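Input: a single structure, listed below in structure tokens.
The structure displayed is predicted, hence computed values, not measured ones. Numbering of ligands and ligand atoms starts at 1, following listing order. Quick note: numbers below take in every heavy atom, side chains included, and nothing from hydrogens, waters or symmetry partners.
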Amino acid sequence: MQPAVLVTRATFPDIADRLREYFDVTDNPSDIIWSPTELVRHLQGKQGVMSTGSERIDAALLDACPQLKAVCNVGVGYNNVDVTACTARRILVTNTPDVLTETTADFGFALMMATARRITEAERFARRGEWTKTGIYDQFVGSDVHGATLGILGMGRIGQAIARRGALGFGMGVIYHNRSRLPPELEADSRARYVDKTTLLREADHLVLVLPYSPQSHHAIGASELAQMKPGATLTNIARGGIVDDAALAAALRTGTIAATGLDVFEGEPRIHPDLLDLPNVVITPHIGSASVRTRRAMAQLSVDNLIAALGYGPNAGRPPTPVNPQVLRP
Ligand code: 8YV
């Protein structure tokens, strides 16, 4: 009998079909969002799960699903998974790093530029039919990206890729802050200078957040951090909801503490704080940082490869390509 696995959300059918060569697959082609209770019910008897950021995999769920051996998350971030609880039960967790780095960096840069140059605000104005006079000297004037100071909070692979775009493509001075300073060769490759968080907040013209969510990074940007930024600065969050205090951000935008924000992620998404929706100087996208066809396919493919290998099948049996807690693999 083949082991049973669960695919929690709709995905590329041709990629998921590879799972059927090895496993008895239950999937969710209608893409229904299951409640925690429904998720536990669907996981009964399953040895592996291909999960996404929309499912919370915590200790209570693991206790209710004792057959589970592998949690293969689609996404580089895995804050939806309690890795400590998985490791304690010898359940392998995998993620999908690297394949999304450049695509997500492209998106972060685009969102920062749209925010600085007020692109969506201007588009809404034109679509509403309000563009009745050309050549108004101060209409939708924004701030320059080229030559400005780019600040990056969280200097992992995506942060470094954004830094390269800023320095090499737009002549920006790049400063960053991270839990630990990068080794000199990565710093040189990123053309970025390490600074403390206060300096980052004070000096950045455009601050981009690319750090992982954890209890330590919860509200890393709140009212007091926003107050330290330049009045003309922009803030772009492509990391995770909860890193920014969205209510404090809306208040700071309303009072002109900073100029504008670009947000791809939100506290409690898919809900968006109503105060943000009311403001013109907020560019909003629905968590699409990695959403190119090629990258989303590569993420699904990597998750499938991880699941097949984690359960001991395929060419990499027992050696999944991107484990988060590889200590589980050791005897
Ligand atoms: C995914 C992401 O779309 O990789 C991540 O961490 O946030 C996105 O690329 C999301 O995780 C879907 O599961």
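Within ligand 1, counting atoms from 1 as listed, the ones closer than 4.0 Å to a heavy atom of H287 are 2 (C), 7 (O), 8 (C). Listed by number with element, the atoms of ligand 1 under 4.0 Å from a non-hydrogen atom of L100 are 4 (O), 9 (O). Per-residue contacts place G77 under 4.0 angstrom from the following atoms of ligand 1 (heavy atoms of the residue considered): 4 (O), 5 (C), 6 (O).
The local environment of CZ in R179 is sparse, with at most 12 non-hydrogen atoms from other residues, nucleotides or ligands closer than 6.0 Å. Atom NZ of K69 is surrounded by 12 or fewer heavy atoms from other residues, nucleotides or ligands within 6.0 Å.
A salt bridge does not link R254 to D278: none of the charged side-chain nitrogens sits closer than 4.0 Å to a carboxylate oxygen. Residues E102 and R165 are paired through a salt bridge, judged by an N-O separation under 4.0 Å between the basic side chain and the carboxylate. In this structure, R9 does not pair ionically with D27, as no charged nitrogen and carboxylate oxygen lie closer than 4.0 Å.
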Is there a salt bridge (Lys or Arg N to Asp or Glu O under 4.0 Å) between R193 and E203 once you walk through the steps? CA-CA 12 Å; R193 180 166 61 86; E203 291 188 3; 3.7 Å; yes
Between S290 and R296, is a side chain to side chain donor-acceptor pair (under 3.5 Å) present by the stated rule, with each step listed? CA-CA 7 Å; S290 62; R296 284 286 168 86; 2.9 Å; yes
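The residue T96 has no part lying near ligand 1, judged by heavy-atom distances below 4.0 Å. Residue contacts with ligand 1 for V74 involve N, CA, C or O but no side-chain atom from C-beta outward (heavy atoms, distance under 4.0 Å).
Look at R9 and you'll find every heavy atom at least 4.0 Å from all atoms of ligand 1.
For atom 3 (O) of ligand 1, the closest non-hydrogen atom on the protein side is R296 NH2, 3.2 Å.
Close N/O approach between G53 and ligand 1 is found [any backbone or side-chain N/O within under 3.5 Å]. At least one N or O atom of V76, backbone or side chain, sits closer than 3.5 Å to an N or O atom of ligand 1. Checking only distances, R240 does come within under 3.5 Å of ligand 1, N or O to N or O.
Across all non-hydrogen atoms, the minimal contact from N95 to G75 is CB-O, 3.3 Å.
Residue nearest to atom 8 (C) of ligand 1, selected from S51, S290, S54: S290 (by heavy-atom distance).
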